[in-house]
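Below is one structure, written out as structure tokens; comments come after it.
In what follows, chains carry the letters A, B, and so on, assigned in the order in which the sequence lines appear, proteins first and then strands, with residues in each chain numbered from 1. We use all heavy atoms of the structure for the numbers below, so side chains are in, but hydrogens, waters and symmetry mates are not.
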Amino acid sequence: MAGRLEGKVAVITGGGSGIGRATAERFAEEGADIVIADIQDDRGQESVAAVEERGRKAIYVHCDTSREVDNEAMGDAAVEAFGQIDICVAAAGISHAQYVSGADPTEVNPLTPSVDSTIGFVENKEVGYWEKVLAVNLTGVMLTDRAVVRRMLAKGNPGSIVNIASGAALLPMPGDAEYAVSKAGVWSLTRTLSVELASRGIRVNAIGPGVIETPMTQMWTDDESWMAAYTENNPLGRLGQPLDIANTALFLASDESSFFTGELLQPNGGVFTG
Amino acid sequence: MGALETKIAVVTGGASGIGRACAERFAAEGADVVVADLDEARGAETVAAIEGLGQRAIFVRTDTSTEVDNEALADAAIEEFGRIDVLLAAAGVSSGTYVSGEVQERAADPEANFIVNKPIEMWEKVLAVNLTGVMLTDRSIGKRMVAAGQGGAIVNIASAAAVVPLPGAADYCVSKAGVWMLTKALARELAGEKIRVNAIGPGFVETPMTQQIRDDEELVQGPLAMTPMGRFGEPPEIAATALYLASEESSFMTGQILYPGGGLFTG
């Protein structure tokens with residue numbers, strides 16, 4: 001079943017680490033050339049090198065996905081480098097307003113419940129934090145999706161968009177409402193976009209990962225008591241790996257899922273999400 | 001390298017439609033297949049198709065609504081291949097009078113099949129095959145997977161009708177909603193055994209089951225209007241979904257339902 005993305009060009013935001021990095025590597029193994037978009041230039045370049053090691057071409061584009069101009073420039077760079085875009089995986093996102101991917105998670109995050117169990121609750125949250133998370137996780141995905149879609153439509157090629165939402169799209173997240181709301185928004189965006197584009201050959205789906213071992217979850221997974229509770233409560237009893245999500249993204253990006261659009265796939269170890 | 005190399009798969013309803021497509025795709029990915037169905041002639045065709053792909057297959061005549069048949073199916077699979085890695089439960093009926101491969105008369109009165117008018121026997125028949133049948137197959141195979149201790153993947157063919165009301169087909173919808181809940185409950189019960197249980201909720205697919213609708217220019221407009229992609233799905237598209245759920249590529253997924261429905265709204 002190798003070569004499922006032979007000859008395809010994929011744009012991956014958040015491609016410098018975690019789910020985005022794993023997806024870039026997996027897609028390259030299946031024959032795709034990759035545009036890595038991220039705000040962390042050094043790790044983005046590492047992803048480029050990882051793609052090249054797998055015998056495919058890649059470019060890195062510095063892209064703050066919360067800005068329309070960056071997304072449009074990224075779309076232009078992709079078309080300039082590879083001629084067209086077949087696939088987009090929108091994986092750029094943050095867990096909270098002060099999140100910096102790869103930063104030392106042992107630095108106390110003022111929003112973690114260990115400091116004050118209600119400090120992150122909506123009643124106490126600074127509106128600026130809410131706005132930051134929505135800007136990156138929701139508006140950012142919308143801007144990436146449309147920058148890519150515009151170029152797919154202009155070229156007239158079919159396409160597959162995969163948005164990385166979260167199980168939090170469907171679950172309450174006390175203390176992290178803005179994250180849950182932003183991901184619920186991504187899921188809703190996915191559904192509307194899928195209908196807008198269904199008759200024009202572009203499929204749009206989302207993934208709602210459970211807890212995946214990435215830089216974003218390190219602040220939890222480094223905590224032994226947190227891990228013990230997690231392992232007890234997760235039906236499959238393990239953290240997800242970035243490769244789990246990359247394989248789901250591969251399914252949705254490839255023609256194997258040709259009758260899927262407007263759907264949410266949830267690789268989460270069996271967590272009940274309603 | 002196939003995604004199911006060296007795996008043993010049992011496929012109920014394997015003689016036609018989605019079941020046949022799954023059996024063939026699994027074989028193309030390296031699995032040996034036990035084909036279960038009521039229809040021996042078409043079951044033999046599936047076996048021949050699998051052998052043509054270079055894999056081994058046997059046919060076991062199975063009425064999935066009876067426990068004894070499901071147990072005999074599982075025994076036959078173990079006897080022939082030694083273990084079972086994958087189950088695809090695709091056997092099902094669209095109505096109490098459905099016989100795969102036979103064309104049915106369209107009811108003159110569209111309300112004849114509404115719950116207030118439908119004979120109870122129709123309801124009982126659909127639940128017996130679609131819901132109790134899947135439960136019996138899942139547990140016959142599940143028992144043997146647990147005994148073998150090697151984990152496994154169970155994929156139940158539900159339907160988008162598990163979550164979308166279809167007037168005149170309440171029995172079908174209810175049976176598929178039951179399959180979806182069965183899937184979630186089983187996923188919990190078997191997670192500790194590393195047996196994953198997932199469902200597929202196809203939208204409208206080109207199979208013998210939808211032939212009557214597709215052949216009727218008026219009737220076919222309903223499904224097409226419900227499907228943003230504007231077409232029926234094809235059995236290989238459902239088979240590709242089943243392959244994903246059966247393979248290691250979905251190893252972090254259990255208790256889920258996937259909807260290859262062309263964008264059909266499922267709530």
Can you pull out all donor-acceptor pairs below 3.5 Å that join chain B and chain A?
| from | atom 1 | to | atom 2 | distance (Å) |
| --- | --- | --- | --- | --- |
| B/M1 | O | A/M1 | N | 3.3 |
| B/R25 | NH1 | A/E256 | OE1 | 3.0 |
| B/R25 | NH1 | A/E256 | OE2 | 3.1 |
| B/R25 | NH2 | A/E256 | OE1 | 3.2 |
| B/R25 | NH2 | A/E256 | OE2 | 3.3 |
| B/K194 | NZ | A/L236 | O | 2.9 |
| B/R231 | NH2 | A/S258 | O | 3.3 |
| B/E237 | OE2 | A/S258 | OG | 2.5 |
| B/Y244 | OH | A/T248 | OG1 | 2.8 |
| B/E249 | OE1 | A/R4 | NH1 | 3.0 |
| B/E249 | OE2 | A/R4 | NH2 | 2.8 |
| B/E249 | OE2 | A/R26 | NH2 | 2.9 |
| B/S251 | O | A/R238 | NH2 | 3.4 |
| B/S251 | OG | A/R238 | NH2 | 3.2 |
| B/S251 | OG | A/D244 | OD1 | 3.1 |
| B/F252 | O | A/N268 | N | 3.1 |
| B/F252 | O | A/G269 | N | 2.6 |
| B/Q256 | NE2 | A/Q266 | O | 3.4 |
| B/G261 | N | A/F259 | O | 3.1 |
| B/G262 | N | A/F259 | O | 2.7 |
| B/G267 | O | A/R191 | NH1 | 3.1 |
| B/G267 | O | A/R191 | NH2 | 2.2 |

Stepwise side chain to side chain contact (heavy atoms under 4.5 Å, CB included) test for B/F252 and A/I212 = CA-CA 10 Å; B/F252 200 47; A/I212 311 301; 4.0 Å; yes
Assert top hit (heavy-atom pairs under 4.5 Å, partner chain B, pool A/A198, A/G269, A/P209) equals A/G269
What part of A/L250 gets closer than 4.5 Å to chain B, counting heavy atoms only: side chain, backbone, both or neither?
-> side chain
Chain A heavy atoms under 4.5 Å from B/L190: which part of the residue, side chain, backbone, both or neither?
-> neither
Around atom CE of B/M181, are there more than 12 heavy atoms of other residues, nucleotides or ligands at under 6.0 Å?
-> no
Taking every non-hydrogen atom, the tightest pair across B/F232 and A/F259 | C-CZ, 3.7 Å
Which one of A/V195, A/L197, A/L239 has the most heavy-atom pairs closer than 4.5 Å to chain B?
-> A/L239
Option in B/G30, B/A239, B/P228 with maximal non-hydrogen atom pairs under 4.5 Å from chain A = B/P228
dist B/L258:CG -> A/L264:CG (nearest 0.5 Å) comes out at 10.0 Å
What part of A/V204 lies closer than 4.5 angstrom to a heavy atom of chain B: side chain, backbone, both or neither?
-> neither
Can you name the closest pair of heavy atoms from B/A240 and A/F251 and give their distance?
-> O-CE1, 3.7 Å
Contact leader toward chain A among B/A187, B/G263, B/G261, where contacts are heavy-atom pairs under 4.5 Å | B/G261
Top contributor to chain A contacts, counting heavy-atom pairs under 4.5 Å, from B/P202, B/A3, B/G2, B/A191 = B/A191
